[in-house]
Amino acid sequence: MCGIVGYVGKRRLVPVVLEGLKRLEYRGYDSAGIVYLQDGKLVKFRSEGKLQNLEHIMADAMGAPAHIGLGHTRWATHGAPTTANAHPHSDCTGDLVVVHNGIIENYHSLRKELIEKGHSFASETDTEVLAHLIEEYLDGDLRAAVTQALSRIEGSYAIGVLWTGMPDTLIAARNHSPLVIGVHEEDGGFLASDIPPLLPYTEQIVFLDDQELVVLQANNHTVYSLVTGEVVEKKIETISWNAGMAEKGGYKHFMLKEIYEQPQAIINTVSGRINPENGSVDLPEMNLSDADIAGIERIFLIACGTSWHAALVAKYWIERWAGIPVEVDIASEFRYRTLLIDERVLTVSISQSGETADTLAGIRLAKQLGSKIVTICNVVGSTMTREADGTIYTHAGPEIGVASTKAFTSQLAALFLFTLFLAEKRGSMEAAKRLEFGKELIRLAAVIEKILPALQDEIKELIESYYDSRDFLFVGRGLNFPIAMEGALKLKEISYIHAEGYASGELKHGPIALIDKDMPILALAPQDAVYQKSISNIEEIKARQGRLILIGTEGDQHLKSITDDIIYLPKVLEELNPILYTIPAQLLSYEIASRRGCDVDQPRNLAKSVTVE
Ligand code: AGP
């Protein structure tokens, strides 16, 4: 995600903001910038790549006699990671600058309106729209202008604004994107996307809430509601985190932080893409014409590892609801068979990093054979997004933990949207159903957010009798089979326990020979279309004294007659069980790996992005 740092006070601006941006590097970024006010003028520096590039071009400015300014690290969402797209962005006068974290969903229409009013744009970003919108409303009162501009914005934002007309004031605001204020009676006022940049100077923190704006000066701050315009009294909290903990938002590991970020990641991936009135799905970056879509006779999904599991789930969805035959291939195998691919086949790659060599090789071959390429990816400007004909971005934000969690559930959300999109274009699903499915996907994020804390506590207790196991089986049927494999992959890659995921029905064809009183088996058994069959398979395991952990639907008393170790989950739209049932599997692998003292975020032998074949 992008990172914002701002400061106003006695200290020299550049060292405070530069050091603050370095403490936000864990959030991931691909360009950076700093702006400060000196002698009544705004001085702006921006660069692509890492902060050392910015430091290099600012070498002579380190000691600048400036005491108010803003800094930003950009994680590209709209527009490639170039200097021109790096923040801060200015209005037409150059006397006002903005830094922003989030997604302005209606920036196209606002940009068009502002150009018609004579504004000229210097970047491809959604953020620059905000600078010109504030300029449009600015009439001496910056807070009023920012308030009016934000009332036009649809989407998420955390912003910082600086204007030469108010040389001692920063204005900041947030909606669905984090922003914290640091206060110190001597040193002045600080603002940042997260706590780490503030820790060297103060532990006195004010957490802004959604739809709140702060007027920040060296020796005071006033918070206003963007809804009522009234002053909001905010509590000053004292934070006792150390810097290491703060980077992880107080979580012990990035993986755990990212597990908890999944509801927001799903919302960010879905928002602005489903019309809440009619369920219509809008995926403009996919670059597929109606004719392209009508001409699709088959879809190939190619991916590796966790992303391959997402592809396996999508096969069920697309075939059922869009009526298009789907083949799924592990990308590293895809090339070694006779591929009957031509322009009638759409090839979709799924990749968090967009740099996986096996998947890149796959799409290059498919393209040579005449197939159009769409990629589902989490990294703007990555190789895969530049080589594909179109992209569906997941907006999960950077995933630091090697074991993929929020990127995976965001991939599933994006693939579900893709299914609804295809169904709409192919007329294979009536609008009411699509609308229901879209609403259920959005509701799912809230369900996950609600159950996470108690679910983690329950699983933390449960694993005490399983964490020292040598082997583990995960089983699921239908839509849950890929999630059984995903759970097994999570466990093996971070706890180093040998784990295998199987289709429940496959156990009797061999793997059941493994089952005895020492073999733990996690079985996914929601009350879905294949529930009875799943229960039969589970009874086969019980008959052989397998140590069963069941994950099922709240209220299903029958499960208690099978085993004591049951995790109950809320009932959601059956099609969305794969997303929901992934969560306990992630938490189980996380808690077991933590209990075994493993390096959860950086497991042995693994890389976050496998750029070799
Ligand atoms: C998932 O937890 C693993 N880190 C790994 O299987 C990963 O999913 C795989 O390497 C694919 O990576 P990609 O999504 O970046 O292409």
Side-chain angles (χ1 to χ4, degrees), residues 28 253-259 261-262 265 269 301-314 328-335 347-364 373-388 391-415 474 482-497 499-501 578 582-583 585-590 592-593 598-613:
H253 297 104
F254 279 114
M255 181 179 175
L256 186 59
K257 177 168 176 273
E258 288 153 8
I259 287 173
E261 286 176 340
Q262 290 184 109
T269 297
L301 301 176
I302 62 172
C304 300
T306 287
S307 299
W308 173 59
H309 298 150
L312 291 171
V313 173
V328 178
D329 251 337
I330 291 175
S332 57
E333 288 298 313
F334 176 69
R335 287 174 287 158
T347 301
V348 179
S349 67
I350 302 164
S351 176
Q352 183 280 131
S353 63
E355 301 298 345
T356 300
D358 290 324
T359 313
L360 275 168
I363 64 169
R364 287 166 184 160
I373 310 294
V374 168
T375 186
I376 293 177
C377 187
N378 195 45
V379 181
V380 173
S382 58
T383 305
M384 223 169 281
T385 64
R386 282 183 278 109
E387 296 194 13
T391 300
I392 303 175
Y393 280 114
T394 50
H395 292 302
E399 191 173 64
I400 311 299
V402 165
S404 189
T405 50
K406 63 175 182 174
F408 174 63
T409 46
S410 299
Q411 285 169 348
L412 289 176
L415 284 159
F474 289 72
I483 305 309
M485 296 217 286
E486 171 58 12
L489 175 62
K490 288 277 110 25
L491 186 65
K492 73 181 99 176
E493 69 175 325
I494 65 174
S495 73
Y496 316 142
I497 292 174
E500 292 189 68
T582 296
I583 309 300
Q586 293 170 342
L587 288 169
L588 180 102
S589 60
Y590 172 79
I592 286 177
C598 297
D599 182 349
V600 171
D601 286 332
Q602 302 290 340
R604 69 186 182 197
N605 310 339
L606 294 181
K608 184 59 190 169
S609 175
V610 184
T611 55
V612 293
E613 291 190 17

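Numbers here are sequence positions counted from 1. First listed ligand is number 1; within each ligand, the first listed atom is number 1.
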A.B. asks: Looking at residues at least two apart in the chain, or sitting in another chain, which of them share a ring pair (Phe, Tyr, Trp, His ring centres under 6.0 Å) with F408?
C.D. replies: none
A.B. asks: For C304 versus A331, what's the shortest heavy-atom pair and its separation?
C.D. replies: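 For C304 versus A331, the nearest heavy atoms are SG-CB, 3.7 Å.
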A.B. asks: If you look at each N/O of ligand 1, which protein N/O atoms lie under 3.5 Å away, and at what distance?
C.D. replies:
residue  : atom   : partner : partner atom : Å
ligand 1 : 2 (O)  : T306    : OG1          : 3.3
ligand 1 : 2 (O)  : S404    : N            : 2.8
ligand 1 : 2 (O)  : K490    : NZ           : 2.9
ligand 1 : 2 (O)  : E493    : OE1          : 3.3
ligand 1 : 2 (O)  : E493    : OE2          : 2.5
ligand 1 : 4 (N)  : V402    : O            : 2.9
ligand 1 : 6 (O)  : T306    : N            : 3.3
ligand 1 : 8 (O)  : T306    : N            : 3.1
ligand 1 : 14 (O) : S307    : OG           : 2.6
ligand 1 : 14 (O) : Q352    : N            : 2.8
ligand 1 : 15 (O) : S351    : OG           : 3.4
ligand 1 : 15 (O) : Q352    : N            : 3.4
ligand 1 : 15 (O) : S353    : N            : 2.9
ligand 1 : 15 (O) : S353    : OG           : 2.7
ligand 1 : 15 (O) : T356    : OG1          : 3.4
ligand 1 : 16 (O) : S351    : OG           : 2.7
ligand 1 : 16 (O) : T356    : OG1          : 2.5

A.B. asks: With sequence neighbours left out, what residues match E261 under side chain to side chain contact (heavy atoms under 4.5 Å, CB included)?
C.D. replies: M1, K257, E258, K406
A.B. asks: So, does E399 use its side chain to make a donor-acceptor pair with the main chain of A407 at under 3.5 Å?
C.D. replies: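 Yes; at least one donor-acceptor contact below 3.5 Å.
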A.B. asks: How close do S307 and I350 get, heavy atom to heavy atom, and via which atoms?
C.D. replies: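 Minimum heavy-atom contact is CB-O, 3.4 Å.
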A.B. asks: What residues form a side-chain hydrogen bond (donor to acceptor under 3.5 Å, both in side chains) with D358, not counting sequence neighbours?
C.D. replies: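 D358 satisfies side-chain hydrogen bond (donor to acceptor under 3.5 Å, both in side chains) with no residue once adjacent residues are dropped.
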